[in-house]
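Note on naming: letters A, B, ... go to the chains in the order of the sequence lines (proteins, then strands), and numbering restarts at 1 for each one. Quick caveat, the model's predicted, so the values are computed rather than measured.
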Amino acid sequence: MYLELQQQLIVHVRDLLKRQYDLELPRIVVDQPPDIHLGEYALPLSFELAKKLRKPPRKIAEEIVAGLGQISGFEKFEVAGAGYINAKLNRAQAAKLILQESLGKTAGSEKILVEHTSINPNKAAHIGHLRNAILGDTFVRLLRASGAHVDVQNYIDNTGVQVADVVAGFIHLEKKGKAEIERLIHDPARPFDYYCWDLYARVSQWYEENKENTKIRLQVLHEIEQGGNEAAEIGEIVSTAILRRHLETMQRLGIQYDFLPRESEILHLHFWDLAFEQMKQKGVLYFETEGKNKGCWVMRRAGSKPAEQQPEGPDEDAKVIVRSNGTVTYVGKDIAYHLWKFGLLGRDFGYKHFYRYPDNHQVWISAESSEPEHPRFGGVHAIYNVIDSRQSDPQNNVIEAIRGLGNEEQAENYHHFSYEMVALTPGCAVELGYDVSEEDRKRAYIEVSGRKGFGVKADDLLDALITAAQKEVDSRHPELSESERRNIASQIAIGALRYFMLKFTKTSVIAFDFKEALSFEGETGPYVQYAIVRATNIFRKAGLDPDQFLSSNAKPSWSSNAKPSWSAAALGCGENSSQVNENLPNGNPEPSAPKVEERAFMPVSQEKKEGALALVDFLFLDDDEIWQLWLTAGQLSSIVQQSIITLEPAYIAKFAFQLAQQFNNFYHKHHILTETDEARKQFLLATAAVVRRVLIQSLGLMGISSPAVM
RNA sequence: GGGCCCGUAGCUCAGAUGGAUAGAGCAUCUGCCUUCUAAGCAGAGGGUCGCACGUUCGAAUCGUGCCGGGCCUACCA
């Protein structure tokens, strides 16, 4: 609603400027007035025009207001302050649009690929990985809600040094063979990823104790890359087992993937050879004959000056792609992989089944040859790589290589979805029992390190959240069954965790603190969930169905048949889920997809007959506070669009919290069920129903479900 | 040395496109449960927006220079 009317306003203003002053402004700024009684939109353009037109801003504003006349949907325009033009909406008309508003999928076009999670398969997932996966998954939900066709990939570096380290640990430190490792994998007493978490830390220590040991590391790495030996077999067993653990951990949070490309196939299917040829041909790579990079194939670094402007001698700043011993670096392999993503490599992965989620969604994994009837991935129009900011340099190298190969458009559509890391506060580290040096205690935060085994494991955090939530639910709802209480506690825990990871903007380092993360009060997911429960309770006590109450007027098009992509069953919480699930976008993307920039929400056709809500008297909207609630609810589509364009899911989190806050205020002020004026009661019910729906949708976009009771 | 990011209330953070009196949460203090659930609401205190110049009718926001902190800058991944 909000965005559509804003665009209409801009069109009219632009038209007027052209007619009245023969002026064209590159951009017409639209703000919101400080208080809603002033209107819904504020145009500060008179100030900008004052100099050009040599008139005082107030005079210009008056002329524009006079010239605008009547615009459909708008009540009136007013001049305020030193020269602002405030636009007031026709509240009743706008409210009807908000009632009818729902997510519509527009006709589609290109496919989008989002890569996230991508945890080295050698240890348990920790809080840093959670931020990555939650940001990525939420972004996927936003894209899909806007109608895009998205493939979700989780890249598996199963042949890298980190896996090699754990393999070296098994072979040389623990002297364990395949059979013993298999036993550990199936040990019910201890998850295998937890076992490897400790082993990885011990191996890193072992390297530090004796430099000789690092020779073993390189040897093991080499064997794994080669394949067909004991180390490679152990590497395969270990990395696959841990990958399964990662999928289970992420599944607890409602996060699923479509395809798991592995580095082993990039190696064995010789993706690099094809990329190498292309890069040599196009001159992106050149053979360095002198300086420190002598004997290597190198690439000019992004942002460095072109050759002509370089000082004499070799470009020491260049990025090594092929080492002097002939092996390819990580960036080299990544270039080949990204050429594949855009369909520019000329070779495909093989595909085989790997895992089936409880909702029957299939995950495919790369293979050297394909199973019959497999889907294809890659060859997409745009990509989003959710990778922390520390990797922006290698990411830029890959983009530069793609651009250098003549793929300007693909380079533009290559998005490094960059975010800052999660770190521990020194206090938190001490609390966890880690040795913290004097120096580290003075720091604001300490980086999480898998190598040091320093961090909070994802499953541990989620368990702690469930335990805390369960305690609360048990005391509040002793009448519910154990599995119902468990289910609700899970939903609250997930809500708290996902919201916590989303409430910070990407550029902010999260200094992890247990007290904050385990909180269910204030700016948290459960706060929003609770507001929804309150709204639901009103309808339950009134003997009404809030969705029916709305659908008699307009029906959300995504409510009926969209099954949640993660059900109560998926969480091991029994069949009868009490969660409200209209909010969760379908896990199976439609074959068609619109451009991201297009509107996410479209009004449902106007012909829908008006039912019970036809009785609602919108004159009650003259209450500014209640109208503010409606207006905020009408801004969801605008927020979704902004989140997608700026790659900032935090906006959704902020929005959901603000709307919940306004609703709680409303809830406290207006006691709906005891309202004696029937018309007013209907209006208040409509308000609660609309806000409830938008809150559920907002949480759904963040992968948070709404419990029926709390 | 070069690149990127951060610095806003005691703490943790919002303040997109420059716009009307700088906002939340936590913490502290004071009220509010016989009401649709207090995981809530209302109120109070708390600010040289790191510093200095500059651009502008207007700067927390843009530019330059400092100060403080973080990350990256490997023939690691």
Side-chain angles (χ1 to χ4, degrees), chain A residues 27-31 33-35 38 42-44 47-48 50-51 56-57 80-84 86 120 157 160-164 218 221 263 292-298 301-304 317 319-325 327 329-331 333-334 388-394 396 418 420-421 423 425 443-445 447 469 472-473 476-477 492 496 503-511 513 515-516 519-524 526-527 529-531 533-542 642 645-646 648 650-651 653-654 657-658 661 664-665 667-674 688 709-710:
Chain A
R27 198 182 64 243
I28 302 211
V29 175
V30 181
D31 283 309
D35 193 294
L38 294 168
L43 299 161
F47 304 108
E48 203 178 332
K51 199 174 249 179
Y84 286 93
N86 290 331
N120 267 298
D157 185 5
V161 281
Q162 294 211 23
V163 168
L218 285 179
L221 175 64
E263 191 184 61
K292 65 168 188 173
N293 294 332
K294 185 176 175 183
C296 298
W297 287 88
V298 301
R301 200 175 280 274
S304 70
D317 196 39
K319 176 74 198 166
V320 171
I321 302 297
V322 180
R323 304 183 185 102
S324 53
N325 67 4
T327 57
T329 62
Y330 166 77
V331 171
K333 284 178 272 192
D334 220 22
D388 79 67
S389 65
R390 288 170 290 190
Q391 297 216 41
S392 51
D393 195 59
N396 286 334
S418 170
E420 286 294 332
M421 62 177 171
T425 59
R443 299 161 74 99
Y445 46 79
E447 196 175 342
E472 202 63 32
V473 176
R476 287 171 190 237
H477 296 286
I492 292 168
K503 72 193 255 192
F504 304 94
T505 51
K506 294 177 304 169
T507 51
S508 169
V509 174
I510 296 181
D513 180 77
K515 191 169 153 289
E516 268 182 73
S519 170
F520 299 144
E521 288 166 22
E523 197 198 338
T524 65
Y527 177 96
Q529 290 173 316
Y530 189 66
V533 166
R534 286 176 140 183
T536 308
N537 283 345
I538 296 170
F539 285 90
R540 199 178 49 227
K541 293 247 169 157
Q642 191 190 331
I645 292 169
T646 58
E648 189 51 274
Y651 294 143
K654 293 284 172 197
F657 174 66
Q658 276 163 20
Q661 213 172 23
N664 273 331
N665 184 312
Y667 177 89
H668 183 257
K669 219 168 193 168
H670 307 278
H671 199 267
I672 299 177
L673 295 182
T674 54
V709 293
M710 277 177 79

Among side-chain atoms of A/R534 and A/N537, is any donor-acceptor pair under 3.5 angstrom? no
For A/H670 and for A/V473, find the nucleotide of RNA chain B with the closest heavy atom, then tell me which residue's nucleotide is more 5'.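 Per heavy-atom nearest nucleotide, the more 5' residue is A/H670.
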Residue whose nearest RNA chain B nucleotide is more 5′ - A/M710 or A/K503: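 Here A/K503 is the residue nearer the 5' end.
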Remember a base hit wins even if backbone is also touched, and classify [X] as base, sugar-phosphate or nothing at under 4.0 Å, heavy atoms.
{"X": "A/D31", "value": "base"}
{"X": "A/S508", "value": "sugar-phosphate"}
{"X": "A/Q529", "value": "nothing"}
{"X": "A/A42", "value": "base"}

Return the minimal non-hydrogen interatomic distance between [X] and [Y], and the atom names on each side.
{"X": "A/A535", "Y": "A/A688", "result": "CB-O, 4.3 Å"}
{"X": "A/V163", "Y": "A/D157", "result": "CG2-O, 3.8 Å"}
{"X": "A/A542", "Y": "A/L673", "result": "CB-CD2, 3.7 Å"}
{"X": "A/S519", "Y": "A/A496", "result": "O-CB, 4.3 Å"}

Protein-nucleotide distance ([X], atom [atom1]; [N], atom [atom2]), rounded to Å:
{"X": "A/Y651", "N": "B/A14", "atom1": "OH", "atom2": "C1'", "result": "10 Å"}
{"X": "A/E648", "N": "B/G15", "atom1": "CD", "atom2": "C1'", "result": "12 Å"}
{"X": "A/N664", "N": "B/C41", "atom1": "CG", "atom2": "C1'", "result": "8 Å"}
{"X": "A/E521", "N": "B/U12", "atom1": "CD", "atom2": "C1'", "result": "16 Å"}
{"X": "A/Y667", "N": "B/C41", "atom1": "OH", "atom2": "P", "result": "11 Å"}
{"X": "A/N537", "N": "B/G40", "atom1": "CG", "atom2": "P", "result": "15 Å"}
{"X": "A/E523", "N": "B/C13", "atom1": "CD", "atom2": "P", "result": "12 Å"}
{"X": "A/D513", "N": "B/C11", "atom1": "CG", "atom2": "P", "result": "14 Å"}

Would you please determine if the base of B/A20 is stacked by A/Y84, with stacking meaning a centroid separation under 5.5 angstrom and planes under 30 degrees?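 Taking the rule of under 5.5 Å and under 30°, the ring of A/Y84 does stack on B/A20.
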Below 3.5 Å is the cut-off: list the nitrogen or oxygen pairs between protein and nucleotides 31-35 of chain B, distance only.
from	atom 1	to	atom 2	distance (Å)
B/U35	O2'	A/H671	NE2	3.0

Ignoring hydrogens and angles, answer whether the base of B/A20 and the side-chain atoms of A/N86 contain a donor-acceptor pair closer than 3.5 Å.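 Side chain to base: pair present.
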Please check the phosphate of [N] (OP1 and OP2 only) for any side-chain N or O of [X] closer than 4.0 Å.
{"X": "A/R534", "N": "B/G40", "result": "no"}
{"X": "A/N396", "N": "B/G3", "result": "no"}
{"X": "A/Y527", "N": "B/A38", "result": "no"}

Below 4.5 Å, heavy atoms only, C-beta onward: do [X] and [Y] meet side chain to side chain?
{"X": "A/E420", "Y": "A/I510", "answer": "no"}
{"X": "A/T327", "Y": "A/V322", "answer": "no"}
{"X": "A/V709", "Y": "A/R540", "answer": "yes"}

How would you list, by chain and number, every residue that makes a salt bridge (Lys or Arg N to Asp or Glu O under 4.0 Å) with A/K515, sequence neighbours excluded?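 Partners of A/K515 under the salt bridge (Lys or Arg N to Asp or Glu O under 4.0 Å) test: none.
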With A/R443, which residues qualify under salt bridge (Lys or Arg N to Asp or Glu O under 4.0 Å), at least two apart?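 Partners of A/R443 under the salt bridge (Lys or Arg N to Asp or Glu O under 4.0 Å) test: A/D440.
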Give me, pair by pair, the N or O atoms of the protein and of nucleotides 56-63 of chain B that are less than 3.5 Å apart, along with how far apart they are.
from	atom 1	to	atom 2	distance (Å)
B/C57	OP1	A/K51	NZ	2.3

In whole Å, what separates the P atom of B/G47 from that of B/C11?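 Pairwise P distance, B/G47 against B/C11, rounds to 12 Å.
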For RNA chain B, stems built from three or more consecutive Watson-Crick or G-U wobble pairs below 3.5 Å: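 Only these stems qualify: B:1-7 with B:67-73, B:10-13 with B:23-26, B:28-32 with B:40-44, B:50-54 with B:62-66.
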Can A/R301 and A/D393 be said to form a salt bridge (Lys or Arg N to Asp or Glu O under 4.0 Å), step by step? CA-CA 9 Å; A/R301 200 175 280 274; A/D393 195 59; 2.8 Å; yes
Classify the ring geometry between A/Y84 and A/F47 as parallel (under 30°), tilted (30 to 60°) or perpendicular (over 60°). perpendicular
What string of B, S and - do you get for nucleotides 68-77 of chain B, 5' to 3', when a contact is any protein heavy atom under 4.0 Å? --SSSSSBSB
Could you check whether any side-chain N or O of [X] sits under 3.5 Å from a backbone N or O of [Y], counting only pairs where one atom can act as donor and the other as acceptor?
{"X": "A/S324", "Y": "A/C296", "answer": "no"}
{"X": "A/E648", "Y": "A/K506", "answer": "yes"}
{"X": "A/K503", "Y": "A/E523", "answer": "yes"}

Identified side chain to side chain contact (heavy atoms under 4.5 Å, CB included) counterpart of A/K319 within the set A/N396, A/N293, A/V331: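 Exactly one option meets the side chain to side chain contact (heavy atoms under 4.5 Å, CB included) with A/K319, and it is A/V331.
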Counting side-chain heavy atoms from C-beta on, which of B/A16, B/U17, B/C13 comes nearest to A/Q642?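 The nucleotide sitting nearest to the side chain is B/A16.
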Give me syn or anti for B/C33, where syn covers glycosidic angles within 90 degrees of 0.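 Here B/C33 takes the syn form, which means its glycosidic angle is within 90° of 0.
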